[in-house]
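Just so it is clear, the model here is predicted, and its values are computed rather than measured. Remember, it's 1-based here, ligands and their atoms both numbered in the order they're listed. Hydrogens, waters and symmetry mates are skipped; everything else that's a heavy atom, side chains included, is used.
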Amino acid sequence: MQEKILIVEDNPQNMKLIEMTLRGKGYTLLKAADGEEALDMAMREQPDLIIMDMQLPKLNGLEVTKRLRKTSAFSHTPIIALTAYAMKGDEEKFINGGCDAYVSKPINTRELPGMIAEMLRQRQKGNPLDKW
Ligand code: MN
């Protein structure tokens, strides 16, 4: 079965960029544009990995992450935080809040796919993700 990746991003250009980066790699891509939609879609679709912008309308990415982590279905789902440049220095807060890794914008489209593939691979093997 294809692995499902949920992309949560309110900026349409960034969303398009991430989609293009991951297209054709055999993933099912799901999209959400705000925090509430992200929560709903995550619960409904049970994605294998989530790319989560931290600055989102309605509910920010950290809050969504914290809520997901409280449910057993999402206790180990890899979550990659997308952080704006202005958030530099806040990375620790995101990791402590339940994100497994963070990617600073502008997104490095060469690195992101490899990072995702590796996280999914580790996840499948049941390895902890703490090396990220
Ligand atoms: Mn945003």
Side-chain angles (χ1 to χ4, degrees):
M1 221 173 78
Q2 286 197 334
E3 286 167 302
K4 283 187 203 175
I5 297 177
L6 172 58
I7 308 166
V8 186
E9 170 62 83
D10 61 315
N11 178 308
Q13 272 175 297
N14 267 329
M15 175 64 90
K16 199 171 265 178
L17 182 70
I18 299 166
E19 266 190 284
M20 279 168 49
T21 304
L22 297 178
R23 193 170 290 161
K25 294 195 158 40
Y27 303 126
T28 300
L29 301 179
L30 308 166
K31 300 186 283 180
D34 67 56
E36 285 178 5
E37 196 185 353
L39 259 186
D40 288 348
M41 192 166 286
M43 295 297 183
R44 194 168 58 235
E45 299 282 348
Q46 305 283 312
D48 299 288
L49 181 144
I50 302 174
I51 301 167
M52 182 92 72
D53 182 27
M54 289 291 105
Q55 285 180 309
L56 292 169
K58 296 187 184 176
L59 212 56
N60 70 45
L62 189 58
E63 189 56 37
V64 176
T65 299
K66 285 178 178 172
R67 293 195 193 185
L68 289 175
R69 288 298 188 219
K70 282 183 190 160
T71 67
S72 58
F74 288 97
S75 57
H76 292 94
T77 306
I79 299 178
I80 300 173
L82 284 184
T83 66
Y85 180 74
M87 291 175 157
K88 255 191 157 14
D90 284 344
E91 286 94 353
E92 203 175 326
K93 189 170 82 185
F94 305 136
I95 299 299
N96 289 339
C99 298
D100 299 293
Y102 58 85
V103 168
S104 311
K105 297 179 191 179
I107 296 157
N108 185 329
T109 53
R110 287 170 185 271
E111 278 177 15
L112 187 65
M115 182 182 191
I116 287 170
E118 180 60 21
M119 288 179 90
L120 285 169
R121 201 156 36 232
Q122 296 296 331
R123 175 81 190 90
Q124 232 171 20
K125 285 196 286 185
N127 290 346
L129 286 163
D130 52 15
K131 74 177 180 106
W132 299 92

Residues Lys66, Glu63: salt bridge by 4.0 Å N-O rule: no
Let me confirm one number: the CE-CG distance from Met52 to Asn60, rounded to the nearest 0.5 Å. 9.5 Å
Would you mind checking if Arg123 and Glu3 are paired as a salt bridge, meaning a charged N to carboxylate O distance below 4.0 Å? no
Can you tell me how far apart CD1 (Ile50) and OG1 (Thr77) are? Round to the nearest 0.5 Å. 6.0 Å
To check you understand the geometry: which heavy-atom pair defines the closest contact between Leu59 and Glu36, and what is its length? CB-N, 4.2 Å
Protein-derived N, O or S atoms lying under 2.8 Å from the Mn ion (ligand 1), waters excluded: 3
Side chains of Gln55 and Asp10, heavy atoms from C-beta outward: is any pair under 4.5 Å? no
